[in-house]
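Read through the structure below, which is laid out as structure tokens, and then see the notes.
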Amino acid sequence: MKNIFKLLSMLLLPLLLVNACREDADRNWTSPEPSFKLHDTTLGSNVLYPTMENNPFVLSWDDAVSGSGSYTVYLSSTADFKTKVELGKSETNTLKSSIGALNKAMLKAGLSPYSSQTAYVRVERGTEVSNAVSFAVTTYPADGPMITNPAAGSTLVLDETKATETATTIKWNDYTNYGVKVTYLVEMAGANSDVFFPLGTVENVKELPLTTLALDQAVLKAGGTANVASDVKIRVTATSSSLGGTIVKTSDVVTFKVTPYQLESFMYVPGAYQNWDPATAVAIRSATSNGVYVGYINFTAPNSGFKITPARNWTNSYGSTGGNNLTYNGGSDLVAPNVGWQKLTVNLTEMTYDLTPYSWGIIGSASPGGWDTDTDMVFNSTTQKWEIENIALTVGEIKFRLNNAWTVDYGDNGNDGTLERGAANIPITEAGNYKITFDEENQVWTKTKL
């Protein structure tokens, strides 16, 4: 009989060992039994806002039974904590943090702004792990975009034979999903300037392609010189809105070199109309750098003084000794006798300047003033277009006309965005608020319903 028991024991022991190994292999080691208890907590609100940035966030737990050392609090976007982010360390059984720190940690863990998702929290000390606490939370953006292309310090030489091709694509990283509309503004400035001008805007995408011509013109506006490598800097600003308000986050600046080719060049007109600041002065443009520059300025007071500078500083400037003559680095202020929009023409070959009343407006049955009164447009020296940012239009017709008179007017025979002098009235078929642009040089126009 004893031999029979021994035989059975020998047969059963391997089976028991195999079964134990299977149980051990099947155990989920990413979710161990808790060694101590993390207490449930409350955020006060499941939707976080920037105004809560400094509000306290406190976690507490029972002391671990054994072990030693600091406690570490981890966050994860998944219950298994395969990817976890440290929220903080504590020598006691309490962690005092803030909503701002919590928000950043959750974003780092993979939660997206403006989207309700589940976050998981647990505490670890050595090999000891607490239970996990989860809660639904909606985070807000905390960091700005990060530009990935072009790389800082890179060099780009523009080829005028490829004017319509893409020279480069500005790219950036940002949150995977905002949950709401996010508008990105891409801007450029000269390396030694803090005045940025727009290259373009996009919505819910993280890149902006630039043609060779568009980049060429931008670099020249930033102070670059044709056929010379110029340092320029770019930045990207993300704007998003929710019930908590509008959040604006801007990337770090990236500086790189571009060699432009176009002969287009700019000068600047600081004056009393804008507090004599060259950095923000209206730019006047020479399309071929032939020495003749043209621009449009709205003088806000009679007999308003101004000067002309070749750069956005006072290192060099043009004044006048009388009449319509120009003097380099000398003379008195130039004077605009009349109030309102003026066309300024500067001729550096003849060293003269000329001012002429010049304004474009919108008129018609669809416009606020009907067929009797023009709604004035504003000249944007950055885009070189006349614009109205917000005009309320009714169903009807409009036209563009110069100097509040019918001597020069533009319509659109095909209603396709192409303008012709004296052409047909432009139909407005849907009432609403619009942004209108008028490009006199290229004789095109746009309307965008707001």
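Quick caveat, the model's predicted, so the values are computed rather than measured.
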I'd like to know if the side chain of [X] reaches the main chain of [Y], judged simply by a donor and an acceptor atom lying under 3.5 Å from each other, with no hydrogens or angles considered.
X: Asp416; Y: Thr418; value: yes
X: Asn149; Y: Ile170; value: no
X: Asn131; Y: Leu38; value: yes

### Query
Do you know the tightest heavy-atom contact between Lys307 and Trp276?
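Distance-wise, the nearest heavy atoms are N-CZ3, 4.0 Å.
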#### Entry: Taking every non-hydrogen atom, the tightest pair across Asn415 and Pro427
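Smallest heavy-atom distance, with atoms named: ND2-CG, 3.6 Å.
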### Query
Hey, is Arg122 close enough to Glu124 for a salt bridge, meaning N to O under 4.0 Å?
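Salt bridge: yes.
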### Query
Going by an N to O cut-off under 4.0 Å, is there a salt bridge joining Lys399 and Asp409?
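Answer for the salt bridge query: yes.
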Could you verify whether a donor N or O on one side chain and an acceptor N or O on the other, from [X] and [Y], lie under 3.5 Å apart?
X: Gln274; Y: Thr280; result: yes
X: Tyr328; Y: Asn316; result: yes
X: Asp80; Y: Tyr120; result: no
X: Asn324; Y: Ser320; result: no

### Message
Please verify the inter-ring angle class for Phe400 with Phe438; under 30° counts as parallel, over 60° as perpendicular, anything in between as tilted.
### Response
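Parallel, since the angle between the ring planes stays under 30°.
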Taking only distance into account, with no hydrogens and no angle test, what donor-acceptor pairs under 3.5 Å do side-chain atoms of residues 297-305 form with protein atoms, sequence neighbours excluded?
none

### Query
Sequence neighbours excluded, which residues qualify as side chain to side chain contact (heavy atoms under 4.5 Å, CB included) partners of Val444?
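So Val444 forms a side chain to side chain contact (heavy atoms under 4.5 Å, CB included) with Asp439, Asn442.
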### Query
In a check of side chain to side chain contact (heavy atoms under 4.5 Å, CB included) between Ile284 and each of Tyr268, Tyr293, Phe266, which one passes?
Tyr293
Under 3.5 Å, which donor-acceptor pairs link side chains of residues 187-199 to any protein atom two or more places apart or in another chain?
from, atom 1, to, atom 2, distance (Å)
Glu187, OE1, Arg235, NE, 2.8
Glu187, OE1, Arg235, NH2, 3.2
Ser193, OG, Val195, N, 3.0

### Message
Given the ring of Trp406, does Arg401 sit roughly above its face, with NZ or CZ under 6.0 Å from the centre of the six-membered ring and within 45° of the axis?
### Response
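Satisfied, under 6.0 Å and within 45°.
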